[in-house]
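Beneath this line is the structure, given in structure tokens, with notes to follow.
The chains referred to below are lettered A, B, ... by the order of the sequence lines, with proteins before strands, and numbering in each begins at 1.
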There are 2 protein chains.
Amino acid sequence: MDKKKDISMAVIKRLPKYYRHLAELLRNDVDRVSSKELSEKIGFTASQIRQDFNCFGGFGQQGYGYNVKELYNEISTILGLDKRYSTIIIGAGNIGQAVANYTRFEKFGFDLNGIFDVNPKLIGMKMKDIEISDIDTMDEFLKNNKTDIGIICVPHTVAQRVADTLVANGVKGIWNFAPIDIHVPENVSIENVHLSESLLTLVYLMNDLDK
Amino acid sequence: MDKKKDISMAVIKRLPKYYRHLAELLRNDVDRVSSKELSEKIGFTASQIRQDFNCFGGFGQQGYGYNVKELYNEISTILGLDKRYSTIIIGAGNIGQAVANYTRFEKFGFDLNGIFDVNPKLIGMKMKDIEISDIDTMDEFLKNNKTDIGIICVPHTVAQRVADTLVANGVKGIWNFAPIDIHVPENVSIENVHLSESLLTLVYLMNDLDK
DNA sequence: TAGATTGTTAATCGATTAACAATC
DNA sequence: TAGATTGTTAATCGATTAACAATC
């Protein structure tokens, strides 16, 4: 595990893509794959693919390539998908609802154990068999239920405050959908989904092509 | 405009962040800002910020810094936010609904003009004053209504087919929420929001910190 | 004018690609 | 064995950072 020291963010961001494509190969009953074949499928160079895998130790075999099942399992473990994660959603608005209903996550091993909101109209309602609770009860919930990941779907004005509460209660991962840069201590991980930044990038690219 | 030639993707991806932070300064009635101040606020180095802005021509003034209003307008234009864009959503499930209700986009100048789905239960219902139409009518809709951006919120199995139809009807930008790599011609821009890849990155980072 | 800060060039750093020996 | 393909080192490319002259 010490090998895993300073993997660059560029490599890390490619891992889920490998995982997805390997899962597809596996579904199609493909046994082996070479870096060249993967390259054609994913769009990274074969050289880069081999470099990436070698950050974590060699999974391949000269003259043969990679065993799909084995490589899939390795990457699965590297990503941490051999464990389950308890999650809560804070903010039961549009995005919170969409995330709650995104069944794909259950398959990865994520358990949704709580949903919180301030809106009295939403509190008490059920989503995915989980009752939406008053956000004022979140602190107590966290003290009684070990929670790995907090999914922030509240307006940007309160997002940092929510994050602070999560961190104070030992949550170690924050998946942030609020359009703001949230600050957390070094021992907490954060991943942002900034939808508007994504859309603005698209618009720039569209206009750039017109030139 | 020729200056805008080969801006690297790294720079492009930072533009929306500049835009957001400048909008905030503007709201707070800040007149001027130096690259050093911006650096402390955004988290990029002052040097990088100056390099980035100089890709598009110098907007600053030695000894003074940058005029916030002016810089904001420049970046707004660079991003293409001086125009309006007509959009449609394909797939009125969880994510499609969330996007449709994400009011932030209207403010940027995006008009939602159509929503399409295959589900007979959804067809005819209204979201944001827009009736959900049968996806079979999309082709005709596109022929009669100039559409800039297609927002793909359908399952991954049909995403490429939807994209093909969009492209065939002159749509020049695709915002893809389906967990798949969509292929489009060179004159079409695509921006992916791969939620599961984002979540898997988060999990990797969480486990990495445990080491 | 003196101080501040940009615009821009040069230096450094990191990531990607190419090449090839090792070896299955 | 011969052919294929990895693992790994070296070369290249690109992006970030540092430095400083220009100038407001």
Practice item. Please state how far atom CD in E40(A) lies from atom C1' in dT5(D), giving the value in whole angstrom units. Key: 14 Å

Check your understanding: To the nearest Å, how far apart are I7(A) CD1 and dA15(C) P?
Key -> 11 Å

Exercise for review: Any salt bridge (charged side-chain N to carboxylate O under 4.0 Å, His left out) involving residues 55-64 of chain A? Give me the pairs, sequence neighbours left out, ordered by first then second residue.
Suggested key: none

Point to revise | Side chain of S34(A) (C-beta onward), nearest among dT6(D), dT16(C), dG7(C) | key: dT6(D)

Point to revise | Atom pair CG (D148(A)) and CD1 (I174(A)), whose distance is rounded to the nearest 0.5 Å | key: 12.5 Å

Point to revise | Nucleotide dT8(D), atom C1' - distance to CZ of F56(A) in whole Å | key: 17 Å

Practice item. Using only side-chain N and O atoms of S35(A), determine if any of them is under 4.0 Å from OP1 or OP2 of dT5(D). Key: no

Check your understanding: When the distance from CZ of F53(B) to P of dG7(C) is rounded to whole Å, what number comes out?
Key -> 10 Å

Point to revise | Under 3.5 Å donor-acceptor, T147(A) side chain and N145(A) backbone | key: yes

**Study point:** Spacing of K13(B) atom NZ relative to dG14(D) atom P, expressed in whole Å
**Key:** 19 Å

Review point. Can you say whether the rings of F141(A) and F116(A) are parallel (under 30°), tilted (30 to 60°) or perpendicular (over 60°)?
Key: perpendicular

Practice item. Could you note down all residue pairs passing salt bridge (charged side-chain N to carboxylate O under 4.0 Å, His left out) where residues 47-62 of chain B supplies at least one of them, sequence neighbours left out? Key: R14(B)-D52(B)

Review point. From the list dT16(D), dA15(C), dT16(C), which nucleotide is the closest neighbour of the side chain of R14(A)?
Key: dT16(C)

Exercise for review: Only pairs at least two apart or in different chains count here, so list each salt bridge (charged side-chain N to carboxylate O under 4.0 Å, His left out) that has a residue in residues 32-46 of chain A.
Suggested key: E24(A)-K41(A), K36(A)-E40(A)

Review point. How long is the span from the CG atom in N176(A) to the CD1 atom in I152(A), to the nearest 0.5 Å?
Key: 5.0 Å

Exercise for review: Whenever both distances are under 3.5 Å in a Watson-Crick or G-U wobble pair, mark it; put DNA chain C into dot-bracket that way, with [ ] for crossing pairs and | when the partner is on another strand.
Suggested key: ..||||||||||||||||||||||

Practice item. List in chain and number order the residues that pass side-chain hydrogen bond (donor to acceptor under 3.5 Å, both in side chains) with K143(B), two or more places apart in sequence or in another chain; answer none if no residue qualifies. Key: D139(B), N169(B)

Review point. Does Y85(A) reach the main-chain N or O of G80(A) with its side chain, forming a donor-acceptor pair under 3.5 Å?
Key: yes

Check your understanding: What are the residues of residues 18-28 of chain A, sorted by number, that bring a heavy atom to within less than 4.0 Å of DNA chain D?
Key -> none

Point to revise | Spacing of L112(A) atom CG and I88(A) atom CD1 [to the nearest 0.5 Å] | key: 9.0 Å

Check your understanding: Given atom CG of L38(B) and atom C1' of dT5(C), what is their separation to the nearest angstrom?
Key -> 13 Å

Using distance only, find each side-chain donor-acceptor pair of residues 193-203 of chain B under 3.5 Å and give its atom names and separation, not counting sequence neighbours.
residue	atom	partner	partner atom	Å
H194(B)	ND1	E197(B)	OE2	3.4
H194(B)	NE2	A178(B)	O	3.3
H194(B)	NE2	I180(B)	O	3.1
E197(B)	OE1	K17(A)	NZ	3.3
E197(B)	OE2	R20(A)	NE	3.2
E197(B)	OE2	R20(A)	NH2	2.8
S198(B)	OG	W175(A)	NE1	2.8
S198(B)	OG	E191(A)	OE2	3.2
T201(B)	OG1	E197(B)	O	2.8

**Study point:** Between dT6(C) (P) and I49(B) (CD1): distance, integer Å
**Key:** 9 Å

**Study point:** Contacting residues from residues 61-71 of chain B, given that a heavy atom lies under 4.0 angstrom of DNA chain C
**Key:** Q61(B), Q62(B), G63(B), Y64(B), G65(B), Y66(B)

Revision key, fill the gap. Salt bridge (charged side-chain N to carboxylate O under 4.0 Å, His left out) pairs touching residues 68-78 of chain A, sequence neighbours excluded, are none

Considering only nitrogen or oxygen atoms on both sides, find all protein atoms under 3.5 Å from nucleotides 17-20 of chain D and state each distance.
residue	atom	partner	partner atom	Å
dT17(D)	OP2	T45(B)	OG1	3.0
dT17(D)	O4	Q51(B)	NE2	2.5
dA18(D)	N7	S47(B)	OG	2.8
dA18(D)	N6	S47(B)	OG	3.4
dA19(D)	N6	R50(B)	NH2	3.2

**Study point:** Non-neighbouring partners of D111(A) that pass salt bridge (charged side-chain N to carboxylate O under 4.0 Å, His left out), sequence neighbours left out
**Key:** R84(A)

Practice item. For E37(B) and for V11(A), find the nucleotide of DNA chain C with the closest heavy atom, then tell me which residue's nucleotide is more 5'. Key: E37(B)

Listing, residues 96-109 of chain B side-chain donor-acceptor contacts under 3.5 Å, not counting sequence neighbours, or none:
residue	atom	partner	partner atom	Å
Q97(B)	NE2	A92(B)	O	3.0
N101(B)	ND2	Q97(B)	O	2.9
E106(B)	OE2	K128(B)	NZ	3.0

